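Just so it is clear, the structure is predicted and the values come from calculations on it, not from any experiment.
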Amino acid sequence: MKSFTFKSASNSKEAVKLASGRATFLAGGMSLLPAMKLRLAAYSDLINIKKIKGLSGIKVSSKSLKIGATTTHAEVAASREVGKSIPSLSTLAEGIGDPQVRNRGTIGGSIANNDPAADYPSACLALNAIIHTNKRKIPADKFFKGMFDTDLKKGELIESIEFEVPEKSAYSKYPNPASRYAVVGVYVAKLKQEVRVAVTGAANCVFRSKELESAFSSNFSPSAVDNVNISSKGLNSDIHASAEYRAHIIKIMSRKAVSSC
Ligand SMILES: Cc1cc2nc3c(=O)[nH]c(=O)nc-3n(C[C@H](O)[C@H](O)[C@H](O)COP(=O)(O)OP(=O)(O)OC[C@H]3O[C@@H](n4cnc5c(N)ncnc54)[C@H](O)[C@@H]3O)c2cc1C
């Protein structure tokens, strides 16, 4: 890892000001530090955002659940409010990595990083989330652009993520047994207006499955997937699973998710 200057911000404005040039934000450090250590990324300054009051915490209303960007996975998993309003989010958070990763990693860091196998991006898409930054509100449908790529501009800070409270929802993951990242993860949500199904781990970026959304919109039950054809075109093939196997697992995980709604 090359040398860098460590700076700590006490509010969002200061963090954004410090994040100019070759600087970047540091949240849990669970992805950023390994990337720097492996020399896949290099920055002159790391701006610690974990001390910013107001960037962490959970707020619930009857329609939405808002989670501050630096809230850790362990805090989401343990939250009574989350368990009561969107239990599938608690399940997702408690299935991330291991206790060390859950105690350091943050929801904002996870979605800013947009790892193709990360869990939270699927929750954002399925639960029609709004990403609140220091500048604007970005709908999840526009946020996730590609592999490790998002709509965030240089120096733009995620402040919170606001999820729509669904009528029913569930997340089902086929995890890599070592890292717990998703080989395939499927998040199904029955919202007031529509059914949304988001798939992570299967391609180079999280995506919504129109085929599954259409099937579950007409019949919100496990049998709805029986006649759905999931194409393996564009899906990942690697040492963990072939594209054809991933296409098969998408069906299995979506059936499992709807069964547990
Ligand atoms: C061993 C291991 C296992 C893991 N398993 C899983 C898993 O099963 N599922 C899963 O989903 N994830 C998994 N992760 C990832 C982990 O959960 C973290 O969420 C993820 O590494 C990023 O969060 P962080 O807070 O550590 O962000 P950091 O590493 O600090 O930052 C990541 C990136 O996001 C940027 N950033 C951070 N916060 C903000 C913000 N508020 N606004 C704008 N940009 C920001 C940083 O500048 C950086 O570019 C695993 C990680 C490890 C090391």
Side-chain angles (χ1 to χ4, degrees), residues 4 12 15-16 19-47 49 55 67 69-70 73 92 96-97 101 105-163 171 173 176 179-187 196-210 233-238 240-241 243 246 250:
F4 58 85
S12 295
V16 170
S20 60
R22 290 186 53 244
T24 197
F25 302 121
L26 173 71
M30 292 289 99
S31 290
L32 182 61
L33 297 183
M36 290 178 74
K37 216 172 159 190
L38 293 167
R39 294 178 182 251
L40 296 170
Y43 297 98
S44 59
D45 301 65
L46 295 191
I47 316 304
I49 57 168
L55 271 199
I67 304 183
T70 60
H73 311 324
L92 177 149
I96 293 177
V101 168
T106 67
I107 185 169
S110 174
I111 68 164
N113 196 48
N114 193 20
D115 188 301
D119 297 300
Y120 271 123
S122 67
C124 292
L125 275 190
L127 297 169
N128 199 17
I130 305 286
I131 322 302
H132 295 247
T133 76
N134 63 308
K135 286 189 180 153
R136 57 196 170 126
K137 296 176 185 176
I138 313 171
D141 282 333
K142 292 198 171 146
F143 185 82
F144 302 102
K145 294 281 192 196
M147 186 153 56
F148 297 105
D149 188 21
T150 69
D151 197 45
L152 289 173
K153 305 281 178 274
K154 167 88 188 111
E156 188 170 5
L157 180 72
I158 300 172
E159 294 187 325
S160 62
I161 298 99
E162 186 173 7
F163 297 96
Y171 178 61
K173 163 161 89 163
N176 176 311
S179 68
R180 314 307 291 173
Y181 273 110
V183 175
V184 169
V186 179
Y187 208 118
R196 284 177 163 242
V197 181
V199 179
T200 189
N204 66 358
C205 183
V206 64
F207 65 93
R208 283 174 65 187
S209 166
K210 296 293 168 198
K233 207 170 159 215
L235 299 187
N236 295 338
S237 255
D238 54 30
H240 305 298
R246 278 190 163 90
I250 290 172

**Q.** Intermediate values then yes/no, side chain to side chain contact (heavy atoms under 4.5 Å, CB included), Asp151 and Glu156
**A.** CA-CA 10 Å; Asp151 197 45; Glu156 188 170 5; over 6 Å; no

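- For Ala117 against Tyr181, the heavy-atom pair with the smallest separation is O-CD2, 3.5 Å.
- Checking side-chain atoms of Thr200 against main-chain N and O of Ala118 turns up a donor-acceptor pair under 3.5 Å.
- Here Arg180 pairs with Lys173, Pro175 under the side-chain contact (heavy atoms from CB on, under 4.5 Å) rule; sequence neighbours left out.
- Taking 4.5 Å as the limit, every side-chain heavy atom of Cys205 sits out of range of all side-chain heavy atoms of Phe148.
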Q: Might you work through the side chain to side chain contact (heavy atoms under 4.5 Å, CB included) test for Ile130 and Ile138, ending with a clear yes or no?
A: CA-CA 6 Å; Ile130 305 286; Ile138 313 171; over 6 Å; no

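- In this structure, the side-chain contact (heavy atoms from CB on, under 4.5 Å) partners of Asn176, at least two apart in sequence or on a different chain, are Ala178, Ser179, Val183, His240.
- Put simply, the side chain of Arg246 gets close to the backbone of Asn236: a donor and an acceptor are under 3.5 Å apart.
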(Q) Determine whether Leu92 and Ser122 satisfy the following criterion, side chain to side chain contact (heavy atoms under 4.5 Å, CB included), listing intermediate values before the conclusion. (A) CA-CA 10 Å; Leu92 177 149; Ser122 67; 4.2 Å; yes

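- In this structure, OG in Ser12 is found 13.0 Å from NZ in Lys135, a value given to the nearest 0.5 Å.
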(Q) Quick one, Leu235 with Val184, criterion side chain to side chain contact (heavy atoms under 4.5 Å, CB included). Give me CA distance, side-chain angles, the key distance, then yes/no. (A) CA-CA 10 Å; Leu235 299 187; Val184 169; over 6 Å; no

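- Within the 4.5 Å cutoff, the side chain of Asp119 has no heavy atoms near those of the His73 side chain.
- Checking each of Ile131, Ile158, Leu157 against Leu152 for a side chain to side chain contact (heavy atoms under 4.5 Å, CB included) leaves exactly one that passes, namely Ile158.
- The shortest side-chain heavy-atom distance between Met36 and Leu26 does not fall under the 4.5 Å cut-off.
- Partners of Phe144 by ring pair (Phe, Tyr, Trp, His ring centres under 6.0 Å), not counting sequence neighbours: none found.
- Annotation: Lys142, atom NZ; neighbour count of heavy atoms from other residues, nucleotides and ligands within 6.0 Å does not exceed 12.
- Nearest heavy-atom pair, Val199 versus Ala202, reported as atom, atom and distance to 0.1 Å: CG1-CB, 3.8 Å.
- Residues passing the side-chain contact (heavy atoms from CB on, under 4.5 Å) test with Lys233 are Ser231, sequence neighbours excluded.
- Atom NZ of residue Lys154 and atom OG1 of residue Thr24 lie 5.5 Å apart, to the nearest 0.5 angstrom.
- Atom-to-atom distance recorded for Leu38:CG and Leu33:CG is 11.0 Å, nearest 0.5 angstrom.
- Taking every heavy atom of both residues into account, Pro34 and Gly29 meet most closely at CD-O, 3.4 Å.
- Summarising the geometry of Ala15 relative to Phe25, their closest heavy-atom pair is O-CE2, 3.6 Å, with the distance given to 0.1 Å.
- Annotation: side chain of Ile250 is not in contact with side chain of Ser209 (no heavy-atom distance under 4.5 Å).
- Shown here for Tyr43 and Phe4, the closest heavy-atom pair between the two residues is O-CB, 3.5 Å.
- Considering all non-hydrogen atoms of both residues, Ala27 and Thr106 come closest at CB-OG1, 3.5 Å.
- The list of salt bridge (Lys or Arg N to Asp or Glu O under 4.0 Å) pairs with a residue in residues 25-36, not counting sequence neighbours, is empty.
- Counting heavy atoms from C-beta on, the side chains of Glu159 and Thr133 never come closer than 4.5 Å.
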Side-chain donor-acceptor pairs under 3.5 Å in residues 107-114, sequence neighbours left out?
{"from": "Asn113", "atom 1": "ND2", "to": "Ser31", "atom 2": "OG", "distance (Å)": "3.3"}
{"from": "Asn114", "atom 1": "ND2", "to": "Gly146", "atom 2": "O", "distance (Å)": "3.0"}
{"from": "Asn114", "atom 1": "ND2", "to": "Asp149", "atom 2": "O", "distance (Å)": "3.0"}

